[in-house]
2 protein chains.
Amino acid sequence: MTRTGNKSRRALPKEVRKEQLIQATIKCIAKHGLSGITLALVTREAGLSMGIANLHFDSKEKLLLETLQHVTAEYAAGQAAILESEDFSSTGARITALLDFDFSPPVIEKNKLAVWFAFLGEAKSRPTYQRACSRQDSMAQMRITELFQLALDEAGDTAADAALLAAGYISLVDGLWLNALVDPRRLPWKKAYRVARHYLASAFAQHIALDKRGLDGM
Amino acid sequence: MTRTGNKSRRALPKEVRKEQLIQATIKCIAKHGLSGITLALVTREAGLSMGIANLHFDSKEKLLLETLQHVTAEYAAGQAAILESEDFSSTGARITALLDFDFSPPVIEKNKLAVWFAFLGEAKSRPTYQRACSRQDSMAQMRITELFQLALDEAGDTAADAALLAAGYISLVDGLWLNALVDPRRLPWKKAYRVARHYLASAFAQHIALDKRGLDGM
DNA sequence: CCCGTGAATGAATGGTCATTCATTTGTTGC
DNA sequence: GCAACAAATGAATGACCATTCATTCACGGG
């Protein structure tokens, strides 16, 4: 229940209400799953009335889609900031930043990951979801490949395949997120982080040290 | 439509009907997703009448659960056969067999993977699904860790961490399956296979060659 | 202070779907 | 053949839920 003490209803700008409903939707998907979600649950979670979801989003389907886009856009923005920033002193620092970002608290937050995988699980049967998931991924994969190629060039490594390494990193992180989310006892977040770091360290030995213990704040 | 020409109904043993319904459920989940599935769709796909699902499974929920168990058990059996077989000439051959199995046609079949990830996507909000998914995974992870430890011992490698490598391999394969399933154009199966092979080759250089081109039958 | 505007409400509506069960139909033992 | 039994059917039932909309209410301009 999110009600912050208000007893009387108040008119608020559309954007505030939409954000409020999207946050409630994220919580509800995490708690009840995509097939258990109802507008009654979402609006109750938001402390609002039944009809409000359709008022601001026209339909349940559009609310779900905007919720997915909200989550993916947030991740894409953070990642793009790292891939495009001018502030990194070295390629190794940039790759490390990418890794740390992928396991930072806002990214591995339980509810958001739950939303992400809930939609992915339905993606192949719903082209709309599939497009929302893939949209920015293609571009990210290209940029990560370029970054990895740069690291290989700096190391004089002509044998390794940057595209293969990038595809592997992306899939590895997806798999780690999924396993840590579903059963954190079998795969604790700290261990997941170390696995990903090890993957990068063995591909870019000159840029990334193996032993640095990160993620201590978890 | 699966009707194989029969026009009149026929009484068949319980097990045959259950199998028939589970196969139809797999197809329907792949086509419509977990939140779009209905008993009408499943029974129509099976060429049977509406009431038959409840007759043999008591409820929709139990049908879904048995379908999940069917898919996981099939995978677990194939994997266990490799991990326990006495017939491998070397540790390297066993690891290679594990890899080839993970990307063999029956395992990467679109419909089965779709079922697997559909349930995983709902797993954190449904303890029943979570248990069905995790049940055998813990044991598999232990056995794979032992296998990897054996390979490290044989290579005289005392620095590497078998548990970390096993967790990484399992998550990597999950991530590769997911990405190849959702968008095979961005990650073709052949490339996914090469990524996984590369992961193992860099961990077990003495046991697994990098360049062998597998998966030509795809 | 009092409207006019539009945000918000929630009871009512209609559609979808799991589940039930009376009936039909095939099978098996005699 | 013929009961007796079990499997299978699908129309009927009732629960649940997205969506609608008449009504209520808060706010700002005059």
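Just so you know, these numbers use all the heavy atoms, side chains as well, and skip hydrogens, waters and symmetry mates. Quick note on labels: first sequence line is chain A, next is B, and so on, each numbered from 1.
- Side-chain nitrogen and oxygen atoms of H56(A) include at least one within less than 4.0 Å of the OP1 or OP2 phosphate oxygen of dA8(C).
- In this entry the distance linking CZ of R44(B) with P of dC17(C) reads 10 Å, nearest Å.
- Side-chain atoms of R94(B) come within 3.5 Å of backbone N or O of S85(B) as a donor-acceptor pair.
- Candidate nucleotides dT9(C), dT9(D), dT19(C) were compared by shortest atom distance to the side chain of S59(B), and dT19(C) ranks first.
- Remark: P of dG10(D) and CG of L48(B) are 10 Å apart, rounded to the nearest angstrom.
- A donor-acceptor pair is defined here as one N or O able to donate and one able to accept, closer than 3.5 Å; no such pair exists between the side chain of K190(A) and the backbone of L187(A).
- Atom CG in L63(B) sits about 10 Å away from atom P in dT19(C), given to the nearest Å.
- A straight line from CG of L39(A) to P of dC16(D) spans 16 Å, rounded to a whole angstrom.
- Under the side chain to side chain donor-acceptor pair (under 3.5 Å) criterion, the residue pairs touching residues 106-119 of chain B are E74(B)-K112(B), with sequence neighbours excluded.
- Rounded to an integer number of Å, the gap from K60(A) NZ to dT16(C) C1' is 12 Å.
- Out of dT19(C), dA18(D), dT9(C), the shortest distance to the side chain of I52(A) is found at dT9(C).
- Residues S134(B) and R185(A) bring no donor and acceptor atom of their side chains to less than 3.5 Å of each other.
- In this model, the phosphate group of dA8(D) is approached by a side-chain N or O of R17(B) to a distance below 4.0 Å at OP1 or OP2.
- Listed nucleotides: dA7(C), dA18(C), dA8(D). Nearest to the side chain of M50(B): dA18(C).
- Of the possible polar contacts, one joining the S125(B) side chain to the E122(B) backbone as a donor-acceptor pair under 3.5 Å is found.
- DNA chain D lies under 4.0 Å from no heavy atom of any residue of residues 123-131 of chain B.
- One can place CG of L41(B) at 12 Å from C1' of dT16(C), the figure rounded to the nearest angstrom.
- In terms of phosphate contacts, N54(A) brings no side-chain nitrogen or oxygen within less than 4.0 Å of OP1 or OP2 of dA18(D).
- Of the candidate nucleotides dT9(C), dA8(D), dT19(C), dA8(D) has the atom lying nearest to any side-chain atom of S49(B).
- The aromatic rings of Y199(A) and Y199(B) sit parallel to each other, their planes meeting at less than 30°, with 60° as the upper class boundary.
- Taking atom NZ of K18(B) as the reference point, atom C1' of dA7(D) lies 15 Å away to the nearest angstrom.
- In the set dA8(C), dA18(C), dT19(D), the nucleotide with an atom closest to the side chain of L12(A) is dA8(C).
- Listed nucleotides dA18(D), dA7(C), dG10(C) differ in distance to L55(A); the shortest reach to its side chain belongs to dA7(C).
- In summary, the side chains of Y193(A) and D102(A) do not present any donor paired with an acceptor at a separation below 3.5 Å, with no hydrogens or angles considered.
- Whole-Å rounding puts the E61(A) CD to dT16(C) C1' distance at 16 Å.
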